[in-house]
Amino acid sequence: MNTGEMRQVLVDHADGTKSPGRTRSQQVQGLLDLAEQLQGILVPVAPNANYRRRLHGDLILEAQRRELEPEPSVFQQHRKGILIGAAALGSAASVVGAIIAFFLRRRGGATHVAAR
């Protein structure tokens, strides 16, 4: 990114952040100064060849391990959905049972006699 593009990005950023008491040019200059300081402090880092080799080997082994794993069953793939469906069905049955009990008591009248 060249300096002109970077300046435009920073101007757009400064327009989006309204700092009280600071002009847009002050905000842009502050951001440019910060970018220069960061560029002086941060240095590019290349990964160690041993690290890259070890990471590559680990990724290959993990891919091979996953290929050898047995395919999960339909129940294992949809276990959560099945459990949620069963819970919903049980709740619905409970509500239907309560409604039926309510109407049966209401229709039959208060025929319950307390046993002593």
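Heads up: numbering here begins at 1 and tracks the sequence.
Here the CZ atom belonging to Arg54 is positioned 8.0 Å from the CG atom belonging to Asn48, to the nearest 0.5 angstrom. From Leu55, atom CG reaches atom CD1 of Ile60 across 10.0 Å, with rounding to the nearest 0.5 Å. One distance of note links CD of Gln77 with CD1 of Ile82; it measures 10.0 Å at 0.5 Å rounding. Note: Leu83 CG to Phe75 CZ = 5.5 Å, rounded to the nearest 0.5 Å.
Screening residues 27-53 for salt bridge (Lys or Arg N to Asp or Glu O under 4.0 Å) gives no qualifying pairs among residues at least two apart or on separate chains.
Hydrophobic cluster membership differs between Ile99 and Val96, with clusters built from Ile, Leu, Val, Met, Phe, Trp and Tyr side chains linked at under 4.5 angstrom.
At distances below 3.5 Å, not a single donor-acceptor pair connects side-chain atoms of Ser94 with backbone N or O atoms of Gly90.
Every residue two or more places apart in sequence or in another chain that forms a side-chain hydrogen bond (donor to acceptor under 3.5 Å, both in side chains) with Arg66 is listed here: Glu62.
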